Engineer: 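Sending over a structure as structure tokens; questions will come in a sec.
Protein chains get the first letters and strands the later ones, always in sequence-line order, with residue 1 at the start of each. Every value quoted in this text rests on a predicted model; they were computed, and no experiment measured them.
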2 protein chains.
Amino acid sequence: MSKYEKSCLIRGDGGRAIRGILDRIGDKWSLLIVATLDDSPLRFSQLQTRVTGISQRMLTRTLRNLERDGLVSRTAYAEVPPRVEYELTATGRTLIGPAVTLAEWAVDYNPEIEEHQAAYDARPDRPGRRVTPRDGAL
Amino acid sequence: MSKYEKSCLIRGDGGRAIRGILDRIGDKWSLLIVATLDDSPLRFSQLQTRVTGISQRMLTRTLRNLERDGLVSRTAYAEVPPRVEYELTATGRTLIGPAVTLAEWAVDYNPEIEEHQAAYDARPDRPGRRVTPRDGAL
DNA sequence: CGGGATCCAATTCGATACTG
DNA sequence: CAGTATCGAATTGGATCCCG
């Protein structure tokens, strides 16, 4: 694949492809949930235990979105107490590959990037520097 | 790589790796800019032309973040009128691979996912359905 | 030309309380 | 147990004006 072809693939129709996937899994929890479900199907409460720090509301909302996308299936058993199991669909499992690629990149380059950030923040002449902190500068 | 190893890679230290990269490039414009710069170095105004729909402010902000991360380099030439060129760094170029993988997945599965969304939205018994629209349901 | 400053709208997320 | 309802805080993105 040529460099130009790559760029076109990513930028696609005004970036629709990438935009779509990021709208889908670019949020705080989706990818984490997908990765967690890759081990095995889990119940709601098990998910909440394993995905550290997620609130009940965000777990529900994120699962709904993933279900709507067809990446996760939801099975409710008519029992008392109620039991609901979440599982990756076939499509959902195809996402693991790209996610792993991304995670490997993150693991490989995060140290370097964090160093660069620290160096950048220490520059006294960096653009937009001011006395009072702003937006996401610090 | 085993399924468990993959999951651990993604979920890492409570998902720090994935969280980090998504904080970095999970926003609306970063990946688009990186892909655009993969073709060739570009000036600010050229970028704004090529990255459809981006505002001046967001282009500036996103470029600053990418620069801070060490993914993009900024070179200002002391000319009149001023000229500033942005270019992918070596580290920035390493991001193209994972980004392409993700974009390929998006291209492959977006149709299927959009179909599933439509079917899900048409279900009269979908969870959380109500008379008045809410949050991001529609 | 390449931004910075400011203001505003929309969205995201979390905490809390309540329910079948 | 597995959610839903509601609120408010924080973040994100866009429009506009201004400046060297």
Engineer: Within residues 13-36 of chain B, find the residues that approach DNA chain C with a heavy atom at under 4.0 Å, and present them sorted by residue number.
Structural biologist: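 Residues of residues 13-36 of chain B under 4.0 Å from DNA chain C: none.
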Engineer: Using a strict threshold of under 4.0 Å (side-chain N to carboxylate O), is an ion pair present between B:R64 and B:D69?
Structural biologist: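 No, this pair does not count.
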Engineer: Ignoring the backbone of B:R57, work out which of D:dG14, D:dC7, C:dC1 is nearest its side chain.
Structural biologist: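 Shortest atom-to-atom distance from the side chain points to D:dG14.
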Engineer: In Å and rounded to the nearest 0.5 Å, what is the CG to CD1 distance from A:D13 to A:I18?
Structural biologist: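 It comes to 13.5 Å.
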Engineer: With respect to the side chain of B:Q56, which nucleotide from D:dG3, C:dG2, D:dC7 is positioned closest?
Structural biologist: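 From the listed options, C:dG2 comes nearest.
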Engineer: Expressed in angstrom and rounded to an integer, what is the separation of B:I54 atom CD1 from D:dT12 atom P?
Structural biologist: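 Value for this atom pair: 15 Å.
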Engineer: Under 4.0 Å, counting only non-hydrogen atoms across every strand here, what does A:Y86 touch: a base, just sugar-phosphate, or nothing?
Structural biologist: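 A:Y86: backbone/sugar contact only, no base atoms under 4.0 Å.
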Engineer: Starting from P on D:dA2, measure out to CG on A:L59 and report it in whole angstrom.
Structural biologist: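 In whole Å, D:dA2 P and A:L59 CG are 10 Å from each other.
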Engineer: Considering all heavy atoms of both residues, which atom of B:T91 and which atom of B:G70 are nearest to each other, and what is their separation?
Structural biologist: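 That closest heavy-atom pairing would be CB-O, 3.9 Å.
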Engineer: State which residue, out of A:L63, A:L66, A:L95, fulfils the side chain to side chain contact (heavy atoms under 4.5 Å, CB included) condition with A:S30.
Structural biologist: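 By the side chain to side chain contact (heavy atoms under 4.5 Å, CB included) criterion, A:S30 pairs with just one of A:L63, A:L66, A:L95: A:L66.
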Engineer: Using atom CZ of A:R43 as one end and atom P of D:dG3 as the other, report the distance to the nearest whole Å.
Structural biologist: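 For the pair A:R43 CZ and D:dG3 P, the rounded distance is 10 Å.
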Engineer: With the side chain of A:M58 defined as its heavy atoms from C-beta on, choose the nearest nucleotide among C:dG4, C:dG2, C:dC13.
Structural biologist: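 Per side-chain heavy atoms of A:M58, the pick is C:dC13.
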Engineer: Roughly, in whole Å, what's the span from CD in B:Q48 to C1' in D:dG14?
Structural biologist: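 Answer to the nearest Å: 12 Å.
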Engineer: For the side chain of B:R83 and the base of C:dG2, is some donor closer than 3.5 Å to an acceptor across the two?
Structural biologist: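 Between C:dG2 and B:R83, which were checked side chain against base, a qualifying N/O pair under 3.5 Å is absent.
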Engineer: Does C:dG3 have its OP1 or OP2 closer than 4.0 Å to a side-chain nitrogen or oxygen of B:R61?
Structural biologist: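 No, because none of the side-chain N or O atoms of B:R61 sits under 4.0 Å from OP1 or OP2 of C:dG3.
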Engineer: Regarding B:S7 and A:D38, do their side chains bring together a donor and an acceptor under 3.5 Å, going by distance alone?
Structural biologist: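 Absent: no donor and acceptor within the cut-off.
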Engineer: How far does OH of B:Y120 sit from CD of A:E67, to the nearest 0.5 angstrom?
Structural biologist: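 Going from OH on B:Y120 over to CD on A:E67, the span is 4.5 Å.
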Engineer: C:dG2, C:dG4, D:dT4: which one has an atom nearest the side-chain heavy atoms of B:S45?
Structural biologist: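 Nearest to the side chain of B:S45 among the choices is C:dG2.
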Engineer: Using the six-membered ring of A:W29, assess whether NZ or CZ of A:R61 lies under 6.0 Å from its centre and within 45 degrees of the ring axis.
Structural biologist: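 Checked: cation-pi criterion not met.
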Engineer: Would you mind telling me which residue lines up with the more 5' stretch of DNA chain C, A:G53 or B:P82, judged by nearest nucleotide?
Structural biologist: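 Comparing both residues, the 5'-ward one is B:P82.
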Engineer: Please tell me if B:S55 has a side-chain N or O lying less than 4.0 Å from either OP1 or OP2 of D:dA15.
Structural biologist: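 It does not, given that no N or O in the side chain of B:S55 lies less than 4.0 Å from OP1 or OP2 of D:dA15.
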